[in-house]
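First the structure, in the form of C-alpha cells, and then the observations on it.
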Amino acid sequence: MLLISCPFCGPRDESEFSYGGEAHIARPSDPDALSDAEWADYLFMRTNPKGWHYERWYHAHGCRRWFNAMRHTVTHEIRATYKMGEPAPALEP
Amino acid sequence: MKPRYSIFSLARNALNYHEDWQQVWRSPDPKPEYEVVIVGGGGHGLATAYYLAKEHGITNVAVLEKGWLGGGNTGRNTTIVRSNYLWDESAAIYEHSLKLWEGLSQELNFNVMFSQRGVMNLAHNQHELRELHRRVNAIRLNGIDSEVLDAEQVKAYCPILNTSPTARYPVLGASLQRRGGTARHDAVAWGYARAADARGVDIIQNCEVTGFRISNGRVQGVETTRGAIGAKKVACVTAGHSSVMAALAGFRLPIESHPLQALVSEPVKPILDCVVMSPAVHVYVSQSDKGELVLGAGIDHYNSYAQRGSPIIIENQLNALTELFPIFGRLRMLRQWGGIVDVCPDASPIIGKTPVEGLYFNCGWGTGGFKATPGSGWVFAYTIAQDRPHPLNAPFGLERFVSGYLVDEHGAAGVAH
C-alpha cells in the first residue's frame with residue numbers, strides 16, 4: 001500500500017486517491033494546426049518509463065484536489081509531491 | 001526429429017526409470033547473425049517462432065529471453081481462454097486463436113491441458129444485462145458460440161454460485177461461451193518451444209537485449225548481454241517492457257504498464273467446473289487441475305514495472321469472491337503475485353510494423369493476452385515473413401492511433417479479462 005503525501009492534507013493511505021497518469025503533458029495551444037500524427041502523440045503516446053515517473057494523483061476521498069507526484073515505477077518510492085503548476089523536481093537533486 | 005510423446009514412449013521410459021527422456025529443446029550459443037531475431041521467450045514469442053518455421057519456412061530464427069521461458073506474463077496469468085469479444089476485429093483474431101487452441105495439443109504433440117469447460121460472464125444489474133444481450137447477439141453474428149442464461153440457468157450451470165435475489169449484487173443472468181475454458185500456461189510456452197526447436201529455431205535463455213542496432217532507419221540487429229547479434233528482421237514481443245524496448249529503438253508507444261495481481265488458494269477437491277467472471281463485483285475464478293482456485297481481477301491503477309501491487313486490490317477481489325461464492329469464505333490463499341501488463345488506450349493489442357524498417361512489435365495485450373497466444377503468434381509470423389499485416393491483425397497496427405480507428409474493447413465490452 002502506498003502512503004501518499006497530499007500537498008494539501010499530508011500523508012494519507014493510497015485508497016483515498018485516484019491515479020491520473022503521466023503529468024506535465026501540455027495541451028497544444030493551437031490544436032487546429034496539428035497534424036493527425038502530432039495530435040495522436042499528444043493524446044495517446046506516453047513515456048511510460050521504468051524509473052522515475054512524474055504523474056498526477058487526485059485526492060478523491062479527501063480534499064478532492066489534483067496534484068503531481070514524482071514516483072519510481074520499480075521501487076514505488078515517492079520522492080516528492082507538489083501542487084499543480086509548480087515545476088517538476090529535478091531527476092537527480 | 002524428436003521422438004514423439006505418446007503412451008508408448010511413456011511406458012518405454014517408465015521401464016528405464018525415466019532416465020532417458022530426451023532434452024525438450026537445445027540451448028545453443030547465439031550465432032553471429034539470424035534472419036529473424038525474436039525478443040522475448042514467452043508464449044507469444046515462441047508461438048511466433050514456431051509459426052515462422054512451420055507456415056513460412058523461416059527457420060534461421062533465434063528467440064532471445066532475458067530470464068527463462070515463460071517466466072514473465074506467460075506464467076503469471078489466470079489461464080482463461082475465450083473469444084467472446086464485441087467488435088468484429090477482436091472477434092476475428094480471438095476466434096482464430098481459439099480455433100488454434102482446439103487443435104494445439106495434437107499439433108505440438110505436447111499436452112497444453114486445454115479444457116473447454118465454459119466461461120460464464122455474470123450480469124448484476126439491468127444495464128449490464130442489456131449490454132450482455134447486445135454483446136451475445138454481436139458475437140453470434142460473427143459465428144462464435146455464445147448464449148444468454150437467466151438466473152435459474154446460471155444456478156443450474158454453477159450450483160455453488162450465490163444467486164439469491166437478496167444478495168448485495170444479485171445475479172440477474174450471464175453470458176456463456178461453452179467453447180471457452182482454461183489451459184496450462186507453462187505447457188503452452190514449453191510446447192511451442194519444443195516444436196520450434198524441432199524445426200531448427202535457436203532458443204537462447206538468459207540473454208537480455210540491451211539495445212537495437214539501427215542504421216538509416218533500418219534495423220541491423222540487437223545488442224545483448226551475450227554480445228551483438230545481427231538480424232535482417234527483429235520482432236519484439238516483450239509484454240511488460242514494451243515501452244522500454246520502444247524507447248531503445250527511439251519511438252514511443254501508446255502504452256502504460258500496470259501491475260495485475262492474481263492468487264491461488266489451497267488445493268481442494270473438484271468444486272468449480274467452469275470459469276466464472278463478474279465484471280461488476282470484479283473477480284474471475286476457475287479451479288486448476290491441481291485443485292487450487294485461480295483468481296484475478298483488475299489492475300493496480302498506477303504505472304509500475306515492479307511485478308507487485310497494493311494489498312487493497314487483493315482485498316477487493318476476495319470480497320468479490322466471497323460475495324459470489326460464500327462457500328469459499330473459509331478457504332485460505334496460498335500464493336499471490338503480480339505481472340506487468342501493457343495497456344493500450346483502447347484495450348486492444350498492437351501487432352505490426354514500427355517506424356523502424358524491419359522492426360516489428362507485438363504488444364499492448366493488456367490484461368488479456370494469454371488467450372490470444374496461438375493466434376497472436378500466427379498473425380505476427382505472417383507479418384514478419386511478408387512484411388505486411390495479415391487481414392486479421394491489420395486493424396491492430398500502431399497507425400490506428402493516428403487514424404482514430406480504435407478497437408475499443410475497454411468501454412464497449414466492459415469485460416474483466
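Numbers restart at 1 for each chain; the letters A, B, ... are given by sequence-line order, proteins then strands.
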- Smallest heavy-atom separation, B/V402 atom then A/A37 atom, equals CG1-N, 3.8 Å
- Query: Counting a contact as any heavy-atom pair under 4.5 Å apart, which residues of residues 63-73 of chain B contact chain A?
  - Reply: none
- Mind ranking A/H72, A/E38, A/R71 by heavy-atom pairs under 4.5 Å with chain B and telling me who comes out on top? A/R71
- Item | pair B/F251-A/M45: side-chain heavy atoms closer than 4.5 Å | no
- Query: Looking only at heavy atoms, what is the nearest atom pair of A/H53 and B/N303, with distance?
  - Reply: CE1-ND2, 3.4 Å
- Message: Are more than 12 heavy atoms, taken from residues, nucleotides or ligands other than B/N216, located less than 6.0 Å from that residue's CG atom?
- Response: no
- Task: Select one option (side chain, backbone, both, neither) describing which atoms of A/S35 are under 4.5 Å from chain B's heavy atoms.
- Result: neither
- Message: I'd like to know which of B/S257, B/P311, B/A246 tops the heavy-atom pair count under 4.5 Å against chain A.
- Response: B/S257
- Query: Between B/L253, B/I313, B/D300, B/V244, which residue shows the highest count of heavy-atom pairs closer than 4.5 Å to chain A?
  - Reply: B/L253
- Query: B/I255 versus A/R46: any side-chain heavy-atom pair under 4.5 Å?
  - Reply: no
- Query: Can you tell me if OH on A/Y42 sees more than 12 non-hydrogen neighbours from other groups inside 6.0 Å?
  - Reply: yes
- Closest approach of A/T75 to B/R308 (non-hydrogen atoms, all atoms of both residues): O-NH2, 3.4 Å
- Where along residues 8-21 of chain A does a heavy atom come under 4.5 Å of chain B, listed by residue number? A/E14, A/S15, A/Y19, A/G21
- Message: So for B/L406, is it side chain, backbone, both, or neither that comes closer than 4.5 Å to the heavy atoms of chain A?
- Response: side chain
- Query: Angle class for the A/F44/B/F401 ring planes (parallel below 30°, perpendicular above 60°, tilted otherwise)?
  - Reply: perpendicular
- Under the ring pair (Phe, Tyr, Trp, His ring centres under 6.0 Å) rule, collect the residues that match up with B/H301, sequence neighbours excluded. none
- B/E256 and A/E22: which non-hydrogen atoms are nearest, and at how many Å? OE2-N, 3.9 Å
- Residues pairing under side-chain hydrogen bond (donor to acceptor under 3.5 Å, both in side chains) where one sits in residues 235-246 of chain B, two or more places apart or in two chains, turn out to be A/N48-B/S243, A/K50-B/H241, B/S242-B/D342
